[in-house]
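I have placed the structure first, in the form of structure tokens, so that the comments after it can refer back to it.
Not measured: the values here are computed from a predicted model. Heavy atoms only: backbone and side chains are in, while hydrogens, waters and symmetry mates are out.
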Amino acid sequence: MKAILGKKIGMTQIFEESGEVIPVTVIEAGPEVVTQIKTVETDGYNGIQVGFEDQKPQRVNKPMTGHFEKSGSAPKKYLTEFRNDEGEEYELGQVITVADFEEGKKLDITGVSKGKGTQGNIKRHGQHRGPMTHGSKHKRLAGGLAGATYPSRVFPGHKGPGRMGRDTVTVQNVKLVKVDADRNIMLVKGAVPGGKGSLLKIRYAVKGQDDE
């Protein structure tokens, strides 16, 4: 299952021995603590709950304070779950770090994309603009929507202006280029969803792991 929470630091580039330049995203991943074990008997499924990044004790209420004390960990800012259908064994209070990940493996990374606010058809859906000359008053507006006399209405689901971005996005088969266990840093090839400082869920890829 091999999964960890991380925070996007930014992007940079590194050089391979051949001289090839590789764009990479820098992620601060872990250490995270297993705060709860989920089982079929108690919860209906197998999984683990993990906590990432220390939280100030005064910001945690009493029920959550007791929850963290069961695992022997300090209060955490972020909590999330990972399904564990492969039967890997985890213990309450176990610490997971980037050292558990192997360079060269493929990852699936989930994050929340950057929010763009309300946008028009051109930016949101890549539609073309209208003519810019000869007195045109139809430059960046949507084209005909209702189909004139028939059907004389706009069908549901028609592409139009609206909220863009801030969606949960998963990029698959991202190569893990380098792991720096001393600084809890991993470098992955290419871009990942979200802005700087955003939370990421990182796990070994479900598909395409044996391509290389």
(request) Tell me, yes or no, whether the heavy-atom count around Glu17 atom CD, taken from other residues, nucleotides or ligands under 6.0 Å, exceeds 12. (result)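 No - once you tally the heavy atoms of other residues, nucleotides and ligands closer than 6.0 Å, there are 12 at most.
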(message) Under a 3.5 Å distance rule, please check whether Gln94 uses its side chain to pair with a backbone N or O of Glu91 as donor and acceptor.
(response)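 Yes, the answer is positive, given that a donor and an acceptor are paired below the 3.5 Å cut-off.
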Under 3.5 Å, sequence neighbours excluded: what are the donor-acceptor pairs made by side chains of residues 70-78?
| unit_1 | atom_1 | unit_2 | atom_2 | d |
| --- | --- | --- | --- | --- |
| Ser71 | OG | Phe68 | O | 2.9 |
| Ser71 | OG | Ser73 | OG | 3.1 |
| Lys76 | NZ | Asp54 | OD1 | 2.6 |

With heavy-atom distances below 4.5 Å as the criterion, would you say the side chains of [X] and [Y] are in contact?
{"X": "Lys207", "Y": "Gln172", "value": "yes"}
{"X": "Phe52", "Y": "Ile4", "value": "no"}
{"X": "Thr25", "Y": "Leu187", "value": "no"}
{"X": "Met11", "Y": "Val24", "value": "no"}
{"X": "Leu107", "Y": "Met186", "value": "yes"}
{"X": "Ile27", "Y": "Ile185", "value": "no"}

Approximate separation, where rounding is to 0.5 Å, of [X] [atom1] and [Y] [atom2]:
{"X": "Thr97", "Y": "Glu32", "atom1": "OG1", "atom2": "CD", "result": "9.5 Å"}
{"X": "Asn84", "Y": "Tyr45", "atom1": "CG", "atom2": "OH", "result": "11.5 Å"}
{"X": "Ile9", "Y": "Glu28", "atom1": "CD1", "atom2": "CD", "result": "5.0 Å"}

Only distances under 3.5 Å count here; give the side-chain donor-acceptor pairs of residues 130-137 to other protein atoms, sequence neighbours excluded, each with its distance to 0.1 Å.
| unit_1 | atom_1 | unit_2 | atom_2 | d |
| --- | --- | --- | --- | --- |
| Ser136 | OG | Pro131 | O | 2.8 |
| Ser136 | OG | His138 | N | 3.2 |

(message) Ignoring hydrogens and geometry beyond distance, is a side-chain donor-acceptor pair present between His67 and Gln49 at under 3.5 Å?
(response)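 A pair is found: one side chain offers a donor N or O, the other an acceptor, under 3.5 Å apart.
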How would you list, by chain and number, every residue that makes a side-chain contact (heavy atoms from CB on, under 4.5 Å) with [X], sequence neighbours excluded?
{"X": "Glu41", "answer": "Thr39"}
{"X": "Thr80", "answer": "Leu5, Val50, Phe82, Lys201"}
{"X": "Glu20", "answer": "Glu16, Ser18"}
{"X": "Gln13", "answer": "Phe15, Val21"}

Report all side-chain donor-acceptor pairs from residues 142-171 shorter than 3.5 Å, counting only partners two or more places apart or in another chain.
| unit_1 | atom_1 | unit_2 | atom_2 | d |
| --- | --- | --- | --- | --- |
| Ser152 | OG | Thr149 | O | 3.3 |
| Arg163 | NH1 | Gly165 | O | 2.6 |
| Thr170 | OG1 | Thr110 | OG1 | 2.8 |

Is [X] linked to [Y] within one hydrophobic cluster, defined over Ile, Leu, Val, Met, Phe, Trp and Tyr using a side-chain heavy-atom separation of less than 4.5 Å?
{"X": "Val60", "Y": "Val34", "value": "no"}
{"X": "Val26", "Y": "Val179", "value": "no"}
{"X": "Phe101", "Y": "Ile109", "value": "yes"}
{"X": "Tyr90", "Y": "Val95", "value": "no"}
{"X": "Leu176", "Y": "Val98", "value": "yes"}

Taking all non-hydrogen atoms of both residues into account, name the closest pair between [X] and [Y] and its distance.
{"X": "Lys105", "Y": "Tyr204", "answer": "CB-CE2, 3.7 Å"}
{"X": "Pro193", "Y": "Ser198", "answer": "O-OG, 4.1 Å"}
{"X": "Asn46", "Y": "Val40", "answer": "OD1-N, 3.3 Å"}
{"X": "Pro31", "Y": "Asn184", "answer": "CD-ND2, 3.4 Å"}
{"X": "Asn173", "Y": "Ala205", "answer": "OD1-CB, 3.4 Å"}

Qualifying residues under salt bridge (Lys or Arg N to Asp or Glu O under 4.0 Å), relative to [X], sequence neighbours excluded:
{"X": "Lys8", "result": "none"}
{"X": "Lys38", "result": "Asp43, Glu81"}
{"X": "Asp180", "result": "Arg183"}

(request) Would you list the pairs meeting salt bridge (charged side-chain N to carboxylate O under 4.0 Å, His left out) in which at least one residue belongs to residues 107-127, sequence neighbours left out? (result)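 Residue pairs with at least one partner in residues 107-127: there are none.
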(request) Not counting sequence neighbours, which residues clear side-chain hydrogen bond (donor to acceptor under 3.5 Å, both in side chains) with Glu103? List them please. (result)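 Glu103 satisfies side-chain hydrogen bond (donor to acceptor under 3.5 Å, both in side chains) with no other residue.
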